[in-house]
Amino acid sequence: MTHTVVIGAGQAGASLVAKSRSLGETGRITLIGAETVPPYQRPPLSKAYLLGEMPAERLFLRPEEFYAEHDIALRLGTTVTAIDPVAKTIRLGDEVLRYDRLALTTGSSPRRLPAAMGGDLQGVFTLRDLADVDAMQPYFIPGKRLVIVGGGYIGLEGAAVAAKLGLKVTLLEMAPRILQRVAAAETSDFFRNLHRSHGVKILEGTGLDRLLGGPHVTGARLSDGQEIAADFVMVGVGINPNTALAEAAGLVIDNGIATDALGRTSAPDIWAAGDCASFPVPNGRMRLESVPHAIERAECVATNMLGAAKDYVPAPWFWSDQYDIKLQIAGLNSGYDNIITRRTEGAVSFWYYQGDRLLAVDAMNDPRAFMVAKRLLAMGKSPDPARVSDPATELKTLLA
């Protein structure tokens, strides 16, 4: 009987094992996770769960009984210490487990501030997993002073929750504007104004010199020499793919664990999916960090592990919830040179073009714009920018 082992019990790992069973895999399946809880959704951690609006059980992707009912051995609180691609074994402490097919869905880890900058002080948090939020949640008390380092989506989502709960929030962004790495200036302006209207103090072009205090953080010294008080600090400065296990096993690493279009790594019978893995695109390699990608790529890999030979074709989309605004993003905006703005009552969307080619859309409280843009991108169609910007244009006519 064949044995499929999946290392990493996040969204990608859970999707991969469920898809394998649904495709008729009859061999053994083992899903290994370092955390002690079943696979769960991460996006609500910085939103509904942090707000106290969602209990932990509702985070779970599937009830724990699902795995037993589908004959999937779920091993939680377990760390894999080594992979031997030649012997086709993995080591879990003193235990050795054989595999016929191995999938790495090890995800990613948040970047932390170095100790020299006060990153190891008490009251300094990242926001990536359930334990992070559980440790941080007691600090979310009205009137507490929160300093957020990093003006990306995680930092802004944390700021929105804190502001809604009545905390005094200061957000630091070293770049000239928030969201600079991932969005146009128009989207940055929209969210800057939104947060300031809710009392969040945003300092752009302002780096962190170091955190102050000991053993608990008491404040932050900024790059301009200013010092501000803090009861706690949240760090949201990006993530790194978890590649150490694969690298130690001799697998090729290139912007994550390098895979081909099918999801195969450089080692026989070892596959990878999710945040930890990169895949080929026409101009190089890409690694996507999103729930939809984790699901779609993992399900594609599951299909290919059973012999389908199906290339993965990404159709990226993302979302973020802040206050009463739902941001939905379709496509990838890399290389844009023009932004077209579309405003309708209660909604706005920014359409990214490179020349006359549509690349992506940021839609704020505009699900129709998001859905139409997603379909246009899938069809390879680029509507006339003048029609897009005209609020009288019925969006579905752009699909004709």
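Since we're looking at a predicted model, the values are computed, not measured. Residue numbers run from 1 in the order of the sequence given.
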Short side-chain to backbone donor-acceptor contact, [X] and [Y], under 3.5 Å:
| X | Y | answer |
| --- | --- | --- |
| T243 | G256 | no |
| N333 | V182 | yes |
| D366 | T344 | no |
| N365 | K326 | yes |
| T89 | L97 | no |
| R21 | D71 | yes |
| R210 | A116 | yes |
| S290 | H293 | yes |
| T303 | E299 | yes |

Between [X] and [Y], is there a shared hydrophobic cluster once you connect ILVMFWY residues whose side-chain heavy atoms come closer than 4.5 Å?
| X | Y | value |
| --- | --- | --- |
| L395 | F350 | no |
| V147 | I202 | no |
| L104 | I295 | no |
| V235 | M136 | no |
| Y153 | V161 | yes |

Taking atom types as modelled, is there a side-chain donor on [X] or [Y] under 3.5 Å from an acceptor on the other?
| X | Y | result |
| --- | --- | --- |
| T30 | R75 | no |
| R297 | T259 | yes |
| T397 | R387 | yes |
| S382 | R357 | no |

Are the charged groups of [X] and [Y] less than 4.0 angstrom apart, N to O?
| X | Y | value |
| --- | --- | --- |
| E25 | R101 | yes |
| R128 | D275 | yes |
| R28 | D100 | no |

Give me the one residue out of N304, L102, V6 that meets side-chain contact (heavy atoms from CB on, under 4.5 Å) with W271.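 Only one option passes, and that is N304.
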Which pairs count as ring pair (Phe, Tyr, Trp, His ring centres under 6.0 Å) when at least one residue sits in residues 61-112, sequence neighbours excluded?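 Checked against ring pair (Phe, Tyr, Trp, His ring centres under 6.0 Å) - neighbours excluded - the pairs reaching residues 61-112 are F66-H70.
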Heavy-atom closest pair, residues [X] and [Y]:
| X | Y | answer |
| --- | --- | --- |
| L327 | M364 | CD1-SD, 3.3 Å |
| G33 | A9 | CA-CB, 3.6 Å |
| A273 | A298 | CB-CA, 3.9 Å |

L130: side-chain contact (heavy atoms from CB on, under 4.5 Å) partners, not counting sequence neighbours: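 If we apply the side-chain contact (heavy atoms from CB on, under 4.5 Å) test to L130, skipping adjacent residues, the hits are E35, V37, Y40, L45, Y49, L59, D134.
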Given the side-chain rings of Y139 and F125, with only the six-membered ring counted for Trp, is the space between their centroids under 6.0 Å?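 Yes - the distance between ring centres of Y139 and F125 falls below the 6.0 Å cut-off.
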Does Y323 have its ring centroid less than 6.0 Å away from the ring centroid of H195?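 When the ring centroids of Y323 and H195 are compared, they turn out to be within the sub-6.0 Å range.
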